[in-house]
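A quick write-up on the structure given underneath.
All of these numbers come straight from a predicted model, not from anything done at the bench.
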Amino acid sequence: MSLRAIFPLRSHGTLLRGPRRLAAVIVASGLVAAGAISATGTATADEATPAHGGATATLGGLKISDQAVVHSDEGDQRVSAGLFEMSVDNGGTLQTYCIDIHNPTQRQAKYQEVPWSASSLHNNADAGKIRWVLQNSYPQVGDLAALASKAGAGKLTEKTAAAGTQVAIWRFSDHVKVDAIDPAAEKLADYLQQSARNVAEPKASLTLDPPAVSGKSGSKLGPVTVHTNADSVTVSPASDAPSGVKVVGKDGKPVTSAADGTQLFFDVPTGAEDGSTSLTAQAATKVPVGRAFTGIGEHARSQTQILAGSSESTVSAAAAVSWKKQGAIPAITAEKNCAKGGVDVTVSNEGDAAFRFQLSGKDHETAPGTSQTVTVPVAEDQPYDITIKGEGDFRKSFSGVLDCKTAGGSGGGEPPSPQPSPASVGGSTGGHGTDLAETGSSGATPVIAGIAVVLVAVGGGAVLLLRRKRNGTPAQ
């Protein structure tokens, strides 16, 4: 019996990057799983300090939508187009539009606020026009009668306004031929596309720069600068911070709150044992319209979103510090660099000896009082697990998936390689979500699950066959 018979395809009028992509994802998942099994017993490294702060949220689904049609060489396809809703961790709600039509969503996917440089907008000359559309259409413009009048659209409802706005965004984000089914929504989309102007990228809701510092004990280590649109930020040291280590301002006085531009320091007393700790900054604010959101963890491949509206939401950021009495004292951060197709690993050294380390099979050295950035190439849509190994059993690792392109921006949606990235060992490909039957979401999840089951069965059968041959038992 064929796979199609066991797991029949279902169409929800959504776009995928092609059957080959689905197969490649499954193969990659199998390879990663095999790698994880074969690596059992190896040491687990700490994750590197994340480079971005801001809002983290969980995708709830498409809440306000209507229909659109996408035209391609393969024919026309209907899709749902409109506003998604996300629930912010620790409080708040976000409304978003899709900027990655060919990529599926994953139910209850986790997302993180990121700069455009870490998303599919990194090389999109029309990114600023998308922000203009967001600022000048629904839901930022709540007067639908006035919006319809400007667009010559007759009468707009929330559903048709959301659909028209999404269609205009897709024309800039994915550069696809797409039209709204409803005439009023199509009029709105045309008006927004023709009127859009480039607008600057919005600033982050909250970040700490840099997210990691280091130095000798007996001094103030930093600074870590607060960047935020919130009026006030609460600053808290880690609960397990060593006795005597404090978070202070430039004047050396303890700090519990900060504002945009505030410089924070870790005051480590003389004689403190070599160690490390961190601080957390948290605020309640509205995330700026136009901020990008990408999937994280096992949901790294869930379609990229862009913020259309925000309630007052909880945003946070963290910064780490390490100190020693002498020797090399590294601070390491990592950030996706979509323009270079990889991950920027930045190593600074505030010690009195050079920090020698290995990264991607090459030897590096960071002199005292200097820093360097090494870009580790990573294949698009591939899991990576990058580890830095240094002297004295030093080890730092971080993992993720590089998802920087839409299908249109990657040469028509070529599937990813079935092999992990050269810089990758282990990691997770995600792919555990189920379809939302909505904008850009996958209607082929049953196929994925079915192929996965068959692969597991085939793999198990192969193992059983080998064991029987080794034991002289004939296969059944």
Note to self: By the side chain to side chain donor-acceptor pair (under 3.5 Å) test, which pairs, at least two apart or in different chains, include something from residues 187-198?
What the structure shows: Arg171-Asp190, Arg171-Gln193

Next item on the list: Can you run down the side chain to side chain donor-acceptor pair (under 3.5 Å) pairs that involve residues 151-164, sequence neighbours left out, and say none if there aren't any?
Entry: Tyr138-Glu158, Thr157-Thr160

Check: For residues 281-292, which residue pairs qualify under salt bridge (charged side-chain N to carboxylate O under 4.0 Å, His left out), counting only residues two or more places apart or in two chains?
Finding: Glu113-Arg291, Glu201-Arg291

Checklist line | Contacts of Tyr111 that satisfy side chain to side chain donor-acceptor pair (under 3.5 Å) - sequence neighbours left out | finding: Ser302

Checklist line | For Thr96, side chain to side chain donor-acceptor pair (under 3.5 Å) partners two or more places apart | finding: Gln305

For the residue pair [X] and [Y], what are the closest heavy atoms and their distance?
X: Trp132; Y: Ala196; value: CE3-CA, 3.5 Å
X: Asn136; Y: Leu192; value: O-CD2, 4.1 Å
X: Ser232; Y: Ala283; value: O-CB, 3.5 Å
X: Ala184; Y: Asp182; value: N-OD2, 2.9 Å

Notebook entry, point to check: Side chains of Ser276 and Ser322: is there a donor and an acceptor less than 3.5 Å apart?
Noted result: no

Quick one, [X] and [Y] - any side-chain contact, counting heavy atoms below 4.5 Å?
X: Leu188; Y: Leu156; value: yes
X: Trp323; Y: Val245; value: yes
X: Glu350; Y: Val213; value: no
X: Asp385; Y: Thr387; value: yes
X: Gln140; Y: Val289; value: yes
X: Val69; Y: Val79; value: no
X: Ser119; Y: Thr294; value: yes
X: Leu279; Y: Leu208; value: yes

So, [X] side chain and [Y] main chain: donor-acceptor pair closer than 3.5 Å or not?
X: Ser311; Y: Ser313; answer: no
X: Gln372; Y: Thr346; answer: no
X: Asp267; Y: Val248; answer: no
X: Ser205; Y: Val315; answer: no
X: Ser173; Y: Ile169; answer: yes
X: Gln382; Y: Val401; answer: no
X: Ser278; Y: Ala320; answer: no
X: Gln166; Y: Cys98; answer: yes

Next item on the list: Go through the steps to decide whether Val374 and Val347 satisfy the test side chain to side chain contact (heavy atoms under 4.5 Å, CB included), and finish with yes or no.
Entry: CA-CA 8 Å; Val374 179; Val347 180; over 6 Å; no

Next item on the list: Any chance you could lay out the side chain to side chain donor-acceptor pair (under 3.5 Å) test for Gln303 and Thr105, step after step, and finish with the verdict?
Entry: CA-CA 5 Å; Gln303 66 179 205; Thr105 55; 5.2 Å; no

Notebook entry, point to check: Does the pair Lys250 and Phe265 meet the rule for a side chain to side chain contact (heavy atoms under 4.5 Å, CB included), with working shown?
Noted result: CA-CA 7 Å; Lys250 291 179 66 175; Phe265 297 81; 3.6 Å; yes

List in chain and number order the residues that pass side-chain contact (heavy atoms from CB on, under 4.5 Å) with [X], two or more places apart in sequence or in another chain; answer none if no residue qualifies.
X: Ala241; result: Thr277
X: Pro183; result: none
X: Val141; result: Leu147

Checklist line | Phe293/Ile306 under side chain to side chain contact (heavy atoms under 4.5 Å, CB included): CA gap, chis, key distance, verdict | finding: CA-CA 6 Å; Phe293 280 79; Ile306 193 163; over 6 Å; no

Item checked: Parallel, tilted or perpendicular: ring planes of His364 versus Phe357, cut at 30 and 60 degrees -> parallel

If I take atom [atom1] from residue [X] and atom [atom2] from residue [Y], how far apart are they, to the nearest 0.5 angstrom?
X: Gln282; Y: Thr314; atom1: CD; atom2: OG1; result: 5.5 Å
X: Asp344; Y: Thr373; atom1: CG; atom2: OG1; result: 6.0 Å
X: Gln77; Y: His71; atom1: CD; atom2: NE2; result: 12.0 Å
X: Ile386; Y: Lys396; atom1: CD1; atom2: NZ; result: 14.5 Å
X: Ile64; Y: Ser80; atom1: CD1; atom2: OG; result: 13.5 Å
X: His227; Y: Thr225; atom1: NE2; atom2: OG1; result: 5.0 Å

All salt bridge (Lys or Arg N to Asp or Glu O under 4.0 Å) counterparts of [X], not counting sequence neighbours:
X: Asp126; value: Lys129
X: Asp66; value: none
X: Glu312; value: none

Next item on the list: State whether the number of non-hydrogen atoms from other residues, nucleotides or ligands found under 6.0 Å of Asp251 atom CG is greater than 12.
Entry: yes

Item checked: Worked check of side chain to side chain donor-acceptor pair (under 3.5 Å) between Asp100 and Thr406 -> CA-CA 6 Å; Asp100 192 7; Thr406 63; 5.3 Å; no

Pairs under 3.5 angstrom only: tabulate donor-acceptor contacts from the side chains of residues 83-92 to other protein residues two or more places apart or in another chain.
{"from": "Asp89", "atom 1": "OD1", "to": "Lys110", "atom 2": "NZ", "distance (Å)": "2.9"}
{"from": "Asp89", "atom 1": "OD2", "to": "Thr56", "atom 2": "OG1", "distance (Å)": "2.8"}
{"from": "Asp89", "atom 1": "OD2", "to": "Lys110", "atom 2": "NZ", "distance (Å)": "2.9"}

Next item on the list: Just do the side chain to side chain contact (heavy atoms under 4.5 Å, CB included) check on Asn124 and Trp116 with the steps written out, would you?
Entry: CA-CA 9 Å; Asn124 189 330; Trp116 290 355; over 6 Å; no

Next item on the list: Go through the steps for Ser371 and Ser348 under the test side chain to side chain donor-acceptor pair (under 3.5 Å), then give the verdict.
Entry: CA-CA 4 Å; Ser371 67; Ser348 61; over 6 Å; no

Next item on the list: Apply the side chain to side chain contact (heavy atoms under 4.5 Å, CB included) test between Val345 and each candidate in Val376, Thr333, Asn337; give the one that qualifies.
Entry: Val376

